[in-house]
Asks: 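Dropping the structure in here first, questions after.
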Amino acid sequence: MEQAKRDLEIFLDVTMETTSSLHLVDVLRAITVKVAEHLNIKRCSVVLVDEEKGCCLVVASNDNPDIGGLRIYLDRYPEIKKVMDTMEPLMLDLRTDPILGEIRKEIDLPDLSVLVIPIIFREEVIGTFLLRADKKGGFSSRELSLCRSIANSSANAIKNASLFEKLEEHKDKLERANARLTELDRLKSSFIAMAAHELKTPLNVINNYMEMLLEGIGGPLNTKQAEILALALESSTDLTMIVDEMLDLSVLESGQISLDIKEYNMVEVIKWVLSLMAAEFGKKWIRVVEPVGKFTGLFDNKRVRQVLINILRNSVKFTPPGGEVAVSVEDEESELKVMISDTGKGIPKNEIGRLFEEFYRVESGEEGTGLGLSICKRIVEMHGGRIWAESEEGKGSRFYFTLPKGKW
Ligand code: ADP
């Protein structure tokens, strides 16, 4: 009874050990030490199946804390191979057992009893406990059943720990890949910023010279020449806009800008933008409904104007002549909500979720870069706000963005 009680204690001890850590080698080494002490034997090792066929790894041993996954070949250990094949425990005498006949011809095996217990997980042998003792008459049936119980309770822990180790390995790899991607992304942004910046200066010079020619500064132009030059200037102005947007986006992406936050009345900011764009609305006879009231918030005026201009330019672009564009502001407790609605062609439902992606454009025949809305999203999110769109095809679109009122 005393012996049975001690067996139970060691079993409980080992079970607790298996849940104490997810570090496989530590857990197994603690188990082998406990078992070797308890059974008073020379050696207790845990041998796990290796990915390489015909091989195993000795991952823990009571008598060698630094065994560190020693690789062994199963043709040199026929007793382990047999247990793996039969899934049954095996007890034998190193000096006399016929299974070791071939090995004995080569080396002088010590006079020891060996017990090999399979560690089975979901009907698959994932390793073995290997016990060596100089006991005459081998291991008792009590010792055998104790070792079987320990092997069973270790199986789960071994599997969990090895899964955990694999996960950790993957996590490390992912973290490294992520750091590399972030760096590449930063390089891409600074490359675009540099390229766009370098393009801007000569483009401005070209535009200025074309304007001068059109104004007749270089001498009178005939009608055909003026027409051709006007077309060239139009395209080159478009190109300047694209370069500006690329520069904007890359600067925002690089995270190297800081917001200039002050208190403003959102209604006034919107009215200022609407007056700036009056000519664009006028060209298409679009009726503009201005917001009313006073809604103050803390934001970067220049950046928020840029958001409004980008959204409103789209409203003008996609609204047919004679339509209507309305802007309103609402106070939503902790944030200001701005809505820009138009009576334009609308946006197909399946495209709405992607509008704010870089370079995403809905097939429309209209010109554009697909960058305007992604710039808006960056700016709004830098303020801690949200931006989204709703639309009914054929009836119009509504763009919303929010800005937290008191975040700064
Ligand atoms: P761009 O206008 O330069 O193409 P944006 O990022 O500003 O790029 O817009 C992305 C796409 O979203 C546009 O190409 C257009 O298809 C769609 N879109 C944006 N605003 C509206 C709107 N008010 N009405 C209809 N479609 C719109």
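All residue numbers refer to positions in the sequence shown, counting from 1. Counting starts at 1 for both ligands and their atoms, in listed order.
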Asks: Please, which pairs that meet ring pair (Phe, Tyr, Trp, His ring centres under 6.0 Å) have at least one residue in residues 235-271, sequence neighbours excluded?
Replies: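 As it turns out, the ring pair (Phe, Tyr, Trp, His ring centres under 6.0 Å) pairs with a partner in residues 235-271, which skip direct neighbours, are Tyr264-Phe299.
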Asks: Determine, considering heavy atoms only, which of Leu371, Leu355, Ile352, Thr343 sits nearest to atom 12 (O) of ligand 1.
Replies: Leu355
Asks: Considering only heavy atoms, does Lys317 approach ligand 1 within less than 4.0 Å through its side chain, its backbone, both, or neither?
Replies: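 Looking at Lys317 and ligand 1, just side chain atoms fall under 4.0 Å.
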Asks: Looking at ligand 1, does Ser397 have a heavy atom less than 4.0 Å from it?
Replies: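 In this structure, Ser397 qualifies as a contact of ligand 1 - some heavy atom is under 4.0 Å.
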Asks: Can Lys105 and Glu102 be counted as an ion pair, charged N to O under 4.0 angstrom?
Replies: yes
Asks: Would Leu373 count as being in polar contact with ligand 1, using the rule that some N or O on each side must be under 3.5 angstrom apart?
Replies: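 Yes; at least one N/O pair falls below 3.5 Å.
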Asks: State whether the shortest distance between N or O atoms of Lys345 and N or O atoms of ligand 1 falls below 3.5 angstrom.
Replies: no
Asks: If hydrogens are left out, which of Ile347, Asp342, Val362, Ile375 has an atom nearest to atom 23 (N) of ligand 1, that is, the closest non-hydrogen atom?
Replies: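 Shortest heavy-atom distance from atom 23 (N) of ligand 1: Asp342.
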Asks: What protein heavy atom lies closest to atom 4 (O) of ligand 1? Include the residue and the distance to one decimal.
Replies: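 Protein heavy atom with the smallest distance to atom 4 (O) of ligand 1: Arg361 NE, 2.7 Å.
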Asks: If you count every heavy atom of other residues, nucleotides or ligands that lies below 6.0 Å from Lys82 atom NZ, does the total exceed 12?
Replies: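 Atom NZ in Lys82 is not packed in, count stays at 12 or less.
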Asks: Evaluate Asn314 for polar contact with ligand 1, using N/O atom pairs at a separation under 3.5 Å.
Replies: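 Yes: some nitrogen or oxygen of Asn314 is under 3.5 Å from one in ligand 1.
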Asks: Hey, which of Lys294, Lys405, Met266 is the one that makes side-chain contact (heavy atoms from CB on, under 4.5 Å) with Asp331?
Replies: Lys405
Asks: Considering only heavy atoms of Tyr360, which atoms of ligand 1 have at least one such atom less than 4.0 Å away?
Replies: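 Matching atoms, with element in brackets: 10 (C), 11 (C).
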Asks: Run the numbers for me: atoms of ligand 1, each under 4.0 Å from some heavy atom of Gly346, listed by number.
Replies: 25 (C)
Asks: Counting only nitrogen or oxygen atoms and a 3.5 angstrom limit, does Glu245 reach ligand 1?
Replies: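 Between Glu245 and ligand 1 (N or O atoms, distance only) the closest approach is not under 3.5 Å.
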Asks: Does Lys302 NZ have over 12 foreign heavy atoms under 6.0 Å away?
Replies: no
Asks: How far is atom 3 (O) of ligand 1 from its nearest protein heavy atom, and which residue and atom name does that atom have?
Replies: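 For atom 3 (O) of ligand 1, the nearest protein heavy atom is Thr369 N, 2.8 Å.
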Asks: Which residues satisfy the side chain to side chain contact (heavy atoms under 4.5 Å, CB included) test with Arg6, sequence neighbours excluded?
Replies: Glu2, Gln3, Glu9, His38
Asks: From atom 1 (P) of ligand 1, work out which of Cys376, Gly396, Gly370 has a heavy atom at the shortest distance.
Replies: Gly370
Asks: Looking at Lys345 and Glu393, is there a salt bridge between them, counting it only when a charged N and a carboxylate O are closer than 4.0 Å?
Replies: no
Asks: Any atoms of ligand 1 less than 4.0 Å from a non-hydrogen atom of Phe399? List them with their elements.
Replies: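 Result: 19 (C), 20 (N), 21 (C), 22 (C), 23 (N).
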Asks: How far is atom 15 (C) of ligand 1 from its nearest protein heavy atom, and which residue and atom name does that atom have?
Replies: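 Ranking protein heavy atoms by distance from atom 15 (C) of ligand 1, first comes Phe318 CZ, 3.4 Å.
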Asks: Decide whether Thr240 and Asn207 meet the rule of one side-chain donor and one side-chain acceptor closer than 3.5 Å.
Replies: yes
Asks: Please determine whether the number of non-hydrogen atoms from other residues, nucleotides or ligands lying under 6.0 Å from atom CG of Asn350 exceeds 12.
Replies: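 Yes, enclosed.
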Asks: Surrounding OH of Tyr360 (heavy atoms of other residues, nucleotides or ligands, distance under 6.0 Å), is the total greater than 12?
Replies: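 Enclosed.
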